[in-house]
Amino acid sequence: MSRQKIVAGNWKMNKSLQEGKTLVQMILNQVNDFDEVTKIIIPPFTYLDSINSQLSKKENFFLGAQNCHTNSGGAFTGEISANMLSSVGCKFVLVGHSERRHYFNEKDGDFVLKIKEALKNNIQPIFCIGETIHERKTDNHFKVITEQLTNVIKEFSIDDFAKFILAYEPVWAIGTGETATAQQAQEMHAFIRGVVADIYDSNSANNVAILYGGSCNAQNAQELFKCKDVDGGLIGGASLNADDFCKIIFSF
Ligand code: PEP
């Protein structure tokens, strides 16, 4: 995907089906015809089909999933494959989210397999990377980001990489109310483009959309989105409120 403005809302394990449908309707009422920004709604698995019906045929609104399995199908009780996601209209999937890394012990090798499954099913990965507070305080954040990114993207061709969206999500900012400053976000996003340029080329680096995630909200989105290398946001908490989410969409 070439570079575009994107706001993605990751609901995580929140909302009932009815609450989710109401939230989507409220968002559609406010931003239905605002097509300059790509909007991605990422609800829990069980609501995907229903929310797909609300989003289908809406200008520049897409459905995303929070996870997919490393395999395409079979005896994996409780799991969901990319193929299944595709069958309910998903166009995007989160891979490498810090909550998957930390609570579910997912590793680089898992992310490679998940992204391969996603791409096979025409689903674009939103690949998340980010350092912990300890890694930042010990001045290891650039090294950690380089490793998280390189270990995964080196397994993909330049054509496959063109379908990636990246999300820089410092772990210390996720759900904490502590946001990276615009300078910290810009510095890291520019650095990430440099790593991509080293692995592929400058065209790939310039074309990849890089989202910022980590307590991005209606108050700070504008400051963050002004940064030259920040192409939008991956929004957790603030995506659960229609007014806040819409203000973020209008923040470019
Ligand atoms: C996230 O989970 O991707 C996220 C950015 O969460 P929050 O906005 O709540 O920090």
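Just so you know, residue 1 is the first one in the sequence shown, and it goes up from there. As the structure lists them, so they are numbered: ligands from 1, and atoms in each ligand from 1. Bear in mind that the values here come from a model prediction, so they are computed numbers and not experimental data. Computed from heavy atoms alone, side chains included, the values below leave out hydrogens, waters and symmetry copies.
One option in A167, P170, A238, G236 has a heavy atom closer to atom 8 (O) of ligand 1 than any other, and that option is G236.
Taking CG from L63 and CG from N52, the interatomic distance works out to 5.0 Å, rounded to the nearest 0.5 Å.
The distance criterion of under 3.5 Å between nitrogen or oxygen atoms is not met by L234 with respect to ligand 1. For the pair T176 and ligand 1, the shortest N or O to N or O distance does not fall below 3.5 Å. Checked by distance only, ligand 1 and G214 stay at 3.5 Å or farther apart across all their nitrogen or oxygen atoms. Considering backbone and side-chain N/O of G237, one or more are found under 3.5 Å from N/O of ligand 1.
Geometrically, K154 does not engage F161 in a cation-pi contact defined by less than 6.0 Å to the ring centre and at most 45° from the axis.
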(message) side-chain hydrogen bond (donor to acceptor under 3.5 Å, both in side chains), that's the test. Do E131 and Y168 meet it? Break it down for me.
(response) CA-CA 9 Å; E131 82 283 0; Y168 169 57; 2.9 Å; yes
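For atom 1 (C) of ligand 1, the closest non-hydrogen atom on the protein side is H97 NE2, 3.2 Å. The protein atom (non-hydrogen) at minimum distance from atom 5 (C) of ligand 1 is E169 OE2, 3.1 Å.
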Listed pairs under 3.5 Å, donor-acceptor, residues 242-252 side chains, sequence neighbours left out:
residue	atom	partner	partner atom	Å
D243	OD1	Q30	NE2	2.8
S251	OG	K247	O	2.7
S251	OG	I248	O	3.3

Compile the donor-acceptor pairs under 3.5 Å between side chains in residues 83-95 and protein atoms, sequence neighbours left out, one pair per line.
residue	atom	partner	partner atom	Å
S87	OG	M84	O	2.7

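Within the 3.5 Å criterion, the main-chain N or O of P43 finds no donor-acceptor partner in the side chain of K15. Between the E223 side chain and the N220 main chain, no donor and acceptor come within less than 3.5 Å of each other.
Shown in contact with G175 at under 4.0 Å from a heavy atom are these atoms of ligand 1, numbered in order with element: 7 (P), 9 (O), 10 (O). The A173 neighbourhood of ligand 1 comprises atoms 10 (O), with distances under 4.0 Å to a heavy atom of that residue.
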